[in-house]
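From a predicted model like this one, the values you see are computed outputs, not experimental measurements. Residue numbers count from 1 along this sequence. Every heavy atom of this structure was used, including side-chain atoms; hydrogens, water molecules and symmetry mates were not.
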Amino acid sequence: MSAEVGIQKFSFPFTRATRQDEGRVHVKAPPLAAAEAEDQRPVAKRQLSSESAAGGSAAAVKKSAVRTEEPRGDPGTRVVVKGPSAKRKKRKELFASTDVFHRVDSHVIRAGAELKEKGVSDVADIVRGIACVAASPLEKIRAVWLWLCHNIEYDVSGYMGRSEKLSSPEDVIASGRGVCSGYSGLCLEMCRLLGIQCQEVAGHSKGIGYRQGQCLREVKSDHLWNAVFLEGQWFLMDACWGAGRVDVEHQSFVKRLDDFYFLTEPEEFIESHFPDEERWQLLEKPITLEDFQRRVFKTSAFFQMGLSLIRPLHSHLFTERGEASISLGFSQPVAFTYEMTPQRDFLHCGALERKESGPTSSGLLTLSRRRMDLRVLPPAAGAYDLRLYARPDSASGLLSWVCSFTLECSEPRSAEEIPENPYLSWGLLPGVKAMGVVAAEPGGEAAETEDGRLELRLKTSRSLMMLCELVHPKLEAGVTKRCLACQIQPDLLTCNVACPAPGSYRLSVFVRDYEETDGRFQNAANFLLRCRGRTVSQDQLFPPDLSSWCGPGTRASEAGLCEFSHQGALVSAPQGKCNITFRNRRDLELYATLNRAEEGPASAFPLARHLFSTHVDGKVTLSASLPGPGTYRLGLYARIAPGGDFKPVCDFVLRNVCERNRLPFPHVYAAWKKGCVLLEPRAGLLDASSRLCFRVKVPGARRVCVVGRGRTELQLNKSRVWEGEVSGEEGAAQLKLVADSGDSADMAVLMTFDVRKTE
């Protein structure tokens with residue numbers, strides 16, 4: 001199906017039509033076989049039961065009322081339907097695509113419009129006008145079929161019983177509309193004039209008024225189509241279904257050319273058309289009417305996209321333990337979605353196309369390289385209609401209806417609200433390898449957590465950027481944003497998830513090439529995360545200002561930072577303190593910040609005092625002494641270019657479960673530079689009554705002192721460490737560590753220590 005029309009409630013092609021044939025003169029049809037002699041009788045009257053019900057009459061099509069026309073000048077030609085032993089020629093052997101008919105099609109459309117404008121209604125004149133450019137029997141048949149599709153509309157008014165049905169060639173041409181017998185009868189006449197052997201075929205179809213799975217054994221035929229003889233065998237076609245659709249809701253006809261119904265393969269035609277006579281199935285192994293009833297209904301788009309049905313083989317499904325499964329195969333990448341609604345009376349109710357987004361919270365749709373699997377989870381007991389929609393990945397716009405099922409659920413599963421998935425499928429998308437994603441851990445489309453935490457890892461074949469989206473039916477976006485911490489490494493993408501509520505989450509991952517800074521992020525995967533056990537409390541969620549660069553990764557490597565002591569984004573501080581070390585190979589200027597995820601108890605010192613950095617010989621140590629339990633963000637920044645701005649390199653998430661409040665570090669000043677090391681004391685809050693040992697490395701210093709109410713000179717030992725003992729100083733609010741480097745007459749303050757008064 002094409003995707004040029006928006007979402008509307010359409011039915012499928014037309015079926016139930018009638019035609020009055022009294023008084024028509026028929027040319028004697030070629031004999032088919034002795035057993036086929038009954039079909040050679042002329043028709044006295046023909047009317048289809050279902051259409052008659054709509055229009056008020058009650059006649060039915062008889063099997064003997066199907067007429068065959070033979071070409072003029074060749075009355076003795078014998079027409080035989082090929083048996084099972086004869087190898088059929090495929091449609092693709094006649095033509096690779098309908099593009100080969102461009103010249104004929106253009107002429108037919110133009111000539112048809114001119115003939116209509118001139119008011120030409122004679123069949124012979126029309127045939128001469130449209131087929132004059134046809135160079136072969138195939139092109140003649142194409143000209144007839146295309147003219148019918150472009151110039152005849154389905155007689156919706158007649159079908160609805162609001163007017164007399166139009167079926168004779170003269171009435172159909174004059175009015176430009178007709179029911180199915182109008183199409184098939186006019187096709188028969190036009191083929192006869194062109195010397196093409198043509199047959200009208202009566203039977204059942206899964207069109208307007210058809211109920212999925214209904215018993216047709218006692219129901220009379222409701223449709224007519226044509227068979228044409230070409231290159232030694234019969235081919236099937238239906239101009240009525242090829243011309244367009246009936247919009248049942250608005251009781252109008254929508255023109256839409258569907259080339260699928262031109263010389264359709266018998267194996268595909270039988271999915272929607274079942275002839276009264278078995279021979280017109282044109283199948284090596286004919287099917288029964290009961291099999292036709294049970295078969296899954298497939299639209300033309302199903303075959304045009306190269307889809308195949310893996311399971312189930314019948315249209316009526318029953319749930320087991322509250323779920324049912326459907327699988328389709330495909331040869332080229334295809335996007336899918338589905339719609340499940342309470343069961344309606346007729347198959348052809350609802351939209352033929354569907355947007356990508358929509359309610360998809362009643363099942364799990366997953367795609368692999370050549371297969372689509374759908375696990376359906378009805379929300380309540382009852383009967384449902386289930387429609388599948390698809391679209392080639394290379395196309396855009398709406399997805400087309402491809403097949404339908406009915407579903408009965410006697411007992412639904414325990415209620416589980418699955419988040420809507422606007423990106424259609426779950427798990428890794430089939431095309432992720434082209435995006436650079438190789439595999440996922442854990443694998444599959446779903447994962448479970450018992451403690452409210454989960455780590456997703458995507459292995460990559462090249463350096464990628466990643467964005468993640470987490471959705472829960474009962475959580476706001478501001479909360480779910482604080483549930484994610486992402487780490488981006490050259491060959492690995494990691495997403496840490498915290499679940500603050502029980503139930504199911506959708507985690508969607510988007511990627512682009514790392515180097516393509518202006519590139520568009522593409523959806524690579526969608527995972528269903530189930531939180532079954534404990535959850536994470538709000539104060540344990542990740543900090544709100546967390547960047548996309550958590551833990552050491554691609555950006556840190558580019559900056560020349562390596563050999564990190566902690567390779568992941570999450571760092572545990574069970575005693576309320578931790579050290580993170582790494583190498584600074586490019587000797588960049590760095591600084592670090594500390595933020596708290598939630599407001600804790602009031603602290604006497606700013607958070608910056610609880611973070612201390614040491615940089616010696618290319619090795620950097622970031623020490624954290626946390627003031628209380630909770631989750632913290634440690635942000636690392638670097639000045640890449642001299643004189644430039646500091647840019648974020650990576651964030652670490654520090655988790656502290658210790659109830660003890662750790663003391664702050666000393667307050668550091670600009671004179672504390674690379675190479676300086678504080679050995680003792682590490683705490684920035686000292687007791688006034690105690691004797692304190694100071695040990696510190698200050699490269700290049702000539703004097704180092706501790707200044708309070710008095711001054712204590714530190715001595716340089718053989719290890720180049722300045723050390724000394726400082727007596728407790730009552731009344732001193734602060735101690736200063738100062739040094740003389742010879743740059744000025746004054747000693748520079750390296751850091752200050754607060755003094756706690758004796759109680």
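- Annotation: W280 is in aromatic contact with W234 [ring centroid separation under 6.0 Å].
- More than 12 heavy-atom neighbours from other residues, nucleotides or ligands sit within 6.0 angstrom of CD on E93.
- R192 and E189 are joined by a salt bridge, as a carboxylate oxygen and a charged side-chain nitrogen come within less than 4.0 angstrom of each other.
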I would like to know whether N226 and S184 meet side-chain hydrogen bond (donor to acceptor under 3.5 Å, both in side chains); could you show each step before the answer?
CA-CA 6 Å; N226 295 97; S184 63; 4.9 Å; no
Please step through side chain to side chain contact (heavy atoms under 4.5 Å, CB included) for the pair H107 and C132, ending with a clear verdict.
CA-CA 9 Å; H107 173 78; C132 60; 3.3 Å; yes
Trace of the side chain to side chain contact (heavy atoms under 4.5 Å, CB included) decision for S404 with L347
CA-CA 8 Å; S404 288; L347 172 66; 3.7 Å; yes
Should E290 and R217 be marked as a salt bridge (charged side-chain N to carboxylate O under 4.0 Å, His left out) after you check the CA-CA gap, both sets of side-chain angles, and the distance that decides it?
CA-CA 8 Å; E290 288 71 25; R217 179 58 62 186; 2.6 Å; yes
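- Aromatic pair W241/F269: ring centres not closer than 6.0 Å.
- Defined by atom type and a distance below 3.5 Å, a donor-acceptor pair is missing between the side-chain atoms of S205 and H273.
- For the residue pair D259 and T98, a side-chain donor N or O sits within less than 3.5 Å of a side-chain acceptor on the partner.
- A pairwise comparison of heavy atoms in E271 and V296 identifies OE1-O, 3.7 Å as the closest pair.
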Run the numbers on V402 and M305 for side chain to side chain contact (heavy atoms under 4.5 Å, CB included), then give the verdict.
CA-CA 9 Å; V402 292; M305 293 184 205; 4.2 Å; yes
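- Between H204 and H223, the gap from one ring centroid to the other reaches at least 6.0 Å.
- Aromatic pair F336/F330: ring centres closer than 6.0 Å.
- Cation-pi check for R142 over F262 is met; the charged atom lies under 6.0 angstrom from the ring centroid and within 45 degrees of its normal.
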Evaluate the criterion side chain to side chain contact (heavy atoms under 4.5 Å, CB included) for residue pair L386 and T341; output intermediate values, then yes/no.
CA-CA 7 Å; L386 180 63; T341 58; over 6 Å; no
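- Contact check for E339 versus D385: no side-chain heavy atoms found under the 4.5 Å cut-off.
- The side-chain tip of R88 points at the ring of F235 from less than 6.0 angstrom away and within 45° of straight on.
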Verify salt bridge (charged side-chain N to carboxylate O under 4.0 Å, His left out) between E268 and K298, making sure each step is shown before the conclusion.
CA-CA 9 Å; E268 299 171 355; K298 308 177 186 75; over 6 Å; no
Apply salt bridge (charged side-chain N to carboxylate O under 4.0 Å, His left out) to E267 and K90, showing your working.
CA-CA 11 Å; E267 294 80 8; K90 297 290 185 180; 3.8 Å; yes
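- Side-chain contact check for C191 versus V228: some heavy-atom pair is nearer than 4.5 Å.
- F292 carries K206 over the face of its six-membered ring, with the cationic atom under 6.0 Å from the centre and within 45° of the normal.
- No side-chain heavy atom of E114 sits less than 4.5 Å from a side-chain heavy atom of V120.
- Taking CG of L186 as the reference point, atom CD1 of I173 lies at 4.5 Å (rounded to 0.5 Å).
- Contact check for L263 versus L236: no side-chain heavy atoms found under the 4.5 Å cut-off.
- Partner C149 forms a side-chain contact (heavy atoms from CB on, under 4.5 Å) with one of L257, V144, V108, D258 and no other, that one being L257.
- Closest approach of M340 to S362, counting heavy atoms only: CE-CB, 3.4 Å.
- Of all heavy-atom pairs spanning G178 and V172, the tightest one is CA-CG2, 4.2 Å.
- Within the 4.5 Å cutoff, no side-chain heavy atoms of F229 are placed close to those of P137.
- Counting only heavy atoms from C-beta outward, the side chains of Q281 and P275 approach each other to under 4.5 Å.
- A side-chain donor-acceptor contact under 3.5 Å links R371 and S327.
- Here the options are Q343, Q212, H316, the test is side-chain hydrogen bond (donor to acceptor under 3.5 Å, both in side chains), and the partner is T406; only H316 passes.
- Residues Y338 and Y389 place their aromatic rings such that the two centres sit no closer than 6.0 Å.
- For F260 and F303, the ring centers are positioned less than 6.0 Å apart.
- Using a 4.5 Å heavy-atom cutoff, the side chains of S400 and L352 are not in contact.
- Inter-residue side-chain proximity for C215 and V219 is flagged as unmet; no heavy-atom pair is nearer than 4.5 Å.
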